There are 2 protein chains.
Amino acid sequence: MPAMTTRPQQGRRRAHALSKAQIVRAAIEILDRDGEHALTFRALSARLATGSGAIFWHVADKEDLLAAATEEIIARLVAEPGNDMEPKRAIRAVALAVFDAIDAHSWLGGQLFRNPAQPAALRISEMIGRSVQALGVPERALFNCWSALINYMLGVAAQNAANARQAHAEADRSAFLANVANRWAHLDPTEFAFVRQVADELRDHDDREQFLAGIDLILAGIGTLTRRADPSP
Amino acid sequence: MPAMTTRPQQGRRRAHALSKAQIVRAAIEILDRDGEHALTFRALSARLATGSGAIFWHVADKEDLLAAATEEIIARLVAEPGNDMEPKRAIRAVALAVFDAIDAHSWLGGQLFRNPAQPAALRISEMIGRSVQALGVPERALFNCWSALINYMLGVAAQNAANARQAHAEADRSAFLANVANRWAHLDPTEFAFVRQVADELRDHDDREQFLAGIDLILAGIGTLTRRADPSP
DNA sequence: ACCTGAACACCGTTCAAGT
DNA sequence: ACCTGAACACCGTTCAAGT
């Protein structure tokens, strides 16, 4: 009976012991609700009702935290998009999934972009690579076709995220676009003839459609290199 | 004679009065030599032998300073590349000029990327737009072709800048690439079959060639939409 | 009109001290 | 082993005071 008393009474200090997963989840919530700049160790530790040092016990630094958050989102997305679809459809599906994820979490674009070699981005690269290969592009061109698609995807996606950040400052997205379009429409006519011309289209274009059109353009270019005339295996 | 004495003796306070152009030039030097993170108002004011407040008199904030630096570089570059070249050649020339500028000033990529509506970026957009139009793409597809090219250009360029920043931390570029390639080569064979396969090519690829290959791929896709069979006007 | 530089309100990160 | 929170070394930006 006295022997049992020796046992330390554990698990009383805090309802849930802090875990990296829990920290990352809280970070994502702050990022989604209040934007990239709002994620500070002070805000995060306040929300988790702990000291900043506690967070640094589980997380190396801010970069590590952001990478983990990115990984978490990509992991949720990477599960489904069709592994056994026809290649072009598969590429479009993956591209749209990434686009939508970045649309929903505007901080994600900059993150994937800043570090394209992180595991989360690699998983996307792998899916695209397999589909490009299945498309039947010759060995020599494989690397370039793959990298063009990846670069375009990540580029546009991050670009849109940057726009979203700026649009957030102004009233909303459509007001922001209208503003830019208006500014463009009043540029010098001889120096900026083309930009003036597309200003209208900018006002009411659909980012998602535009993004997909670019993918299709690259796919059409890739089609140019493909030997097989018969689409069936 | 006494009237002349009333005149304040001017220009004695400092050899060169501070100007925005001078501040921007100093900022570019710091950015180029020591990287993006080294540009602080303290470092800048130390180099200009003045107080930080003096800089804020000429410059609204850090964003303004970076935008002005970007503008300065693009202005230097935008002068030459062939206005009366054949369209495809013109597009390649502009794209390469931008690529090389970003290669020479690694901070430039992130900057153009972060704010693609700034005048500097617009000037690039205009040149690309005119060439795409000259290519003879149908009215409806113009906007999408143009935006695909711009997005790709800015995307890859900024991507490369991000890589350069990371490579700077490690020994040098080729060592950095060798490291990444090595990491890729040891990934799980079933989960990352494709990435493992291209790891070799990553090690000794030429960024510039890869970039141009992507441009050509998009141009090939655009060619798919073009009616005119006769290349001569 | 333009410059000075201390001061303010923040950051990310560390670390002695606690449990 | 894990948590606390004051402290450190920075930031960008402001502003009373000078010339």
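In what follows, every chain begins at residue 1, and chains take the letters A, B, ... in the order their sequences are listed. Here the structure is a predicted model, which means the values were calculated and not measured. Both backbone and side-chain heavy atoms feed into the values below; hydrogens, waters and symmetry mates do not.
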* Interatomic distance, Lys20(B) NZ vs dC3(C) P [rounded to whole Å] -> 14 Å

* Between dT13(C), dT13(D), dC3(D), which nucleotide gets closest to the side-chain atoms of Phe41(A)? -> dT13(C)

* Please report, rounded to the nearest Å, how far the C1' atom of dT14(D) is from the CG atom of Asp64(B). => 17 Å

* Can you tell which of dC3(C), dA6(C), dG5(D) lies closest to the side chain of Ser52(B)? -> dA6(C)

* Taking only side-chain nitrogens and oxygens of Trp57(A), does any of them come within less than 4.0 Å of OP1 or OP2 of dC2(D)? -> yes

* To do: Describe the nucleic acid contact of Leu39(B) in one word from base, sugar-phosphate, nothing, applying a heavy-atom distance below 4.0 Å.
  => sugar-phosphate

* Would you mind reading off the distance between Leu48(B) atom CG and dC3(C) atom P, rounded to a whole angstrom? => 10 Å

* To do: Would you mind reading off the distance between Ile23(A) atom CD1 and dC2(D) atom P, rounded to a whole angstrom?
  => 11 Å

* **Residue met sooner reading DNA chain D from 5', once Ile55(A) and Arg42(A) are mapped to nucleotides** => Ile55(A)

* What's the spacing between Ile128(B) CD1 and Arg123(B) CZ if we round to 0.5 Å? -> 14.5 Å

* Structure fact -> When rounded to whole Å, the CG to P distance for the pair Leu65(B) and dG12(D) reads 10 Å

* Which of these nucleotides, dG12(D), dG12(C), dC3(C), is closest to any side-chain atom of Thr40(A)? -> dG12(C)

* Asked: Could you give the CD-to-C1' distance, from Gln22(B) to dC3(C), as a whole number of Å?
  -> 13 Å

* Mind checking whether Phe211(A) and Tyr152(A) have parallel, tilted or perpendicular rings, split at 30° and 60°? -> parallel

* Asked: OP1 or OP2 of dC3(C) sitting under 4.0 Å from any side-chain N/O of His58(B)?
  -> yes

* Asked: Of the nucleotides dT13(C), dC3(D), dT13(D), which has the atom closest to the Ala54(A) side chain?
  -> dC3(D)

* Given atom NE2 of His37(A) and atom P of dT13(D), what is their separation to the nearest angstrom? -> 14 Å

* Structure fact -> Tightest non-hydrogen contact, residues Ala60(B) and Asp64(B), listed as N-OD2, 2.9 Å

* Nucleotide nearest Lys62(B) (side chain, heavy atoms from C-beta), chosen from dT13(C), dC3(C), dT13(D) -> dT13(D)

* With the side chain counted from C-beta on, respond yes when Leu77(A) and Asp100(A) share a heavy-atom pair under 4.5 Å apart, and no when they do not. => no

* Distance in angstrom units between Asp61(A) CG and dT13(C) P, rounded -> 5 Å

* To do: Name the nucleic acid region contacted by Leu44(B), choosing base, sugar-phosphate or nothing; use a 4.0 angstrom heavy-atom cut-off, strictly under.
  => nothing

* To do: Would you please classify the geometry between the Trp107(B) ring and the His105(B) ring as parallel, tilted or perpendicular, with 30° and 60° separating the classes?
  => perpendicular

* Partner nucleotide, any strand, of dG5(C) [Watson-Crick/G-U, under 3.5 Å] -> dC15(D)

